[in-house]
Engineer: 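Pasting in a structure now, in structure tokens, and then I'll have a few things to ask.
Residue numbers run from 1 in the order of the sequence given. Ligands are counted one by one from 1 in listed order, and the atoms in each one are counted from 1 as well. Keep in mind the model is a prediction, meaning the values are calculated, not measured.
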Amino acid sequence: MSILIQNITAVNADDIIKGANILIEGERITELGTGIAGKADRTIDGTGLVAFPGFLELHCHLRDPGLTHKEDIVTGTRAAAAGGYTAVCCMPNTKPVADSPEVIRYIIEKAGKAGFADVLPVAAITRGMRGKELTDFAGLLKAGAAAFSDDGMPVAEDEMIIAAMKRARELHALLMLHEEDLAKRGNGAVHDGENARKAGIPGIPRAIEETMTARDIFYAEKLGTPIHICHVSTAGSVELVRRAKANGAPVTCETGPHYFSITDEKILDRNPNAKVNPPLREKGDMLAVREGIADGTIDAIATDHAPHSEEEKAREIEEAPFGMIGFETAFPLTVTNLLEPGVIGLTDIARLLSGRPHELLGIEGGKLKKNALADITICDINEKFVYNKDMVVSKAKNSPFLGMELKGRVCHTIRKGKFTYDRQAD
Ligand SMILES: [Zn+2]
């Protein structure tokens with residue numbers, strides 16, 4: 001199949017081509033530039049629209065195998081495609097945990113059959129994510145693991161994280177680290193601040209994130225092992241990464257759209273959909289996250305898409321599980337809260353959602369150019385809409401953004417030359 005996209009603004013991390021035509025034949029972009037003619041099986045008028053290299057999600061939960069009442073690989077990747085993603089990294093906290101080549105292969109095969117997005121499984125660092133024994137890194141890489149993480153169950157013992165960093169260094173594997181001193185969280189459910197006290201909900205102090213961030217930066221620097229810090233949420237964490245980078249430490253990081261869009265005021269009405277880990281912080285943190293995005297301290301935007309059933313999220317906020325869905329709101333929140341206020345420009349969107357994520361994983365993609373894979377996200381950055389439950393493609397509906405007016409929508413997602421999301425044809 002061939003596709004011709006006409007008169008679009010093509011945006012990469014390092015360039016913008018206005019009035020571009022993009023010709024796609026088979027899996028690849030065969031022409032890109034102004035004044036390109038040609039015929040194709042399907043033509044898209046890109047007037048007023050923007051084309052980005054296909055988005056790559058660094059951090060999500062597809063809940064498959066074993067927790068498919070929340071989400072599964074088919075519904076999850078369909079939702080990812082609707083959010084403009086052509087590839088997603090999924091975290092290993094499934095049932096069983098993705099700590100064996102069998103689970104890694106199962107995920108890749110099921111995603112391949114579904115065809116909505118490439119799924120790049122992140123394998124566990126330790127067996128069962130229990131923090132006691134390293135997994136078989138080499139075997140997991142061979143099976144297709146894209147990186148390693150114990151996500152919500154971060155490795156507590158220093159000896160164990162040192163062993164993991166040494167092994168990762170030997171194998172050129174990337175560690176993705178959720179920074180939290182779990183032993184200190186207790187029954188904390190939301191950010192520890194004025195709003196938690198007003199609502200009478202136990203808090204999670206910033207220090208629980210920041211001390212672990214500092215520890216892992218310390219060892220990464222000492223051992224020379226690249227680490228990627230997940231979902232940075234506090235002003236202090238942003239500053240730790242900024243200083244580490246200035247010192248030349250091999251550290252990168254991501255943040256989630258919720259950390260630059262909303263604050264812990266959202267928990268005042270005890271809405272369980274605003275319960276996420278790390279928790280929504282205060283305005284100063286939100287502004288520091290925006291600053292970190294603008295100055296390049298923060299490499300990527302990752303949603304931490306964490307679906308839960310309505311039943312699970314119907315519990316009181318203290319009892320409800322942590323997490324919110326994120327694929328379908330990431331781009332609109334980026335436009336609404338970063339592009340619109342002038343925190344970043346269009347090329348930064350390409351950098352944060354596609355360019356850097358591809359670089360961090362060392363995989364092909366992340367740039368629109370001749371001969372590149374035809375992974376393309378076509379968006380309308382001016383369209384406004386109210387995000388409501390009926391639009392949600394994910395199996396789960398746990399979003400604190402329901403009912404909000406947002407600006408910026410994904411219109412089409414093309415992965416390897418095929419439409420995986422096509423809004424106007426719905
Ligand atoms: Zn996490």
Engineer: Taking N, O or S atoms only and a limit of 2.8 Å, check whether His231 reaches the Zn ion (ligand 1).
Structural biologist: yes
Engineer: With under 30° as parallel and over 60° as perpendicular, where do the rings of Tyr85 and Phe327 fit, or are they tilted in between?
Structural biologist: tilted
Engineer: At less than 2.8 Å, would any N/O/S atom of Asp151, backbone or side chain, sit next to the Zn ion (ligand 1)?
Structural biologist: yes
Engineer: Below 2.8 Å, any N, O or S contact between His178 and the Zn ion (ligand 1)?
Structural biologist: yes
Engineer: Is the NZ or CZ atom of Arg409 both under 6.0 Å from the centre of the six-membered ring of Phe385 and within 45° of that ring's axis?
Structural biologist: yes
Engineer: With a 4.0 Å cut-off on N to O distance, would you call Arg206 and Asp285 a salt bridge?
Structural biologist: yes
Engineer: Evaluate the ring planes of Phe55 and Phe52, with Trp represented by its six-membered ring, and classify them as parallel (under 30°), tilted (30 to 60°) or perpendicular (over 60°).
Structural biologist: tilted
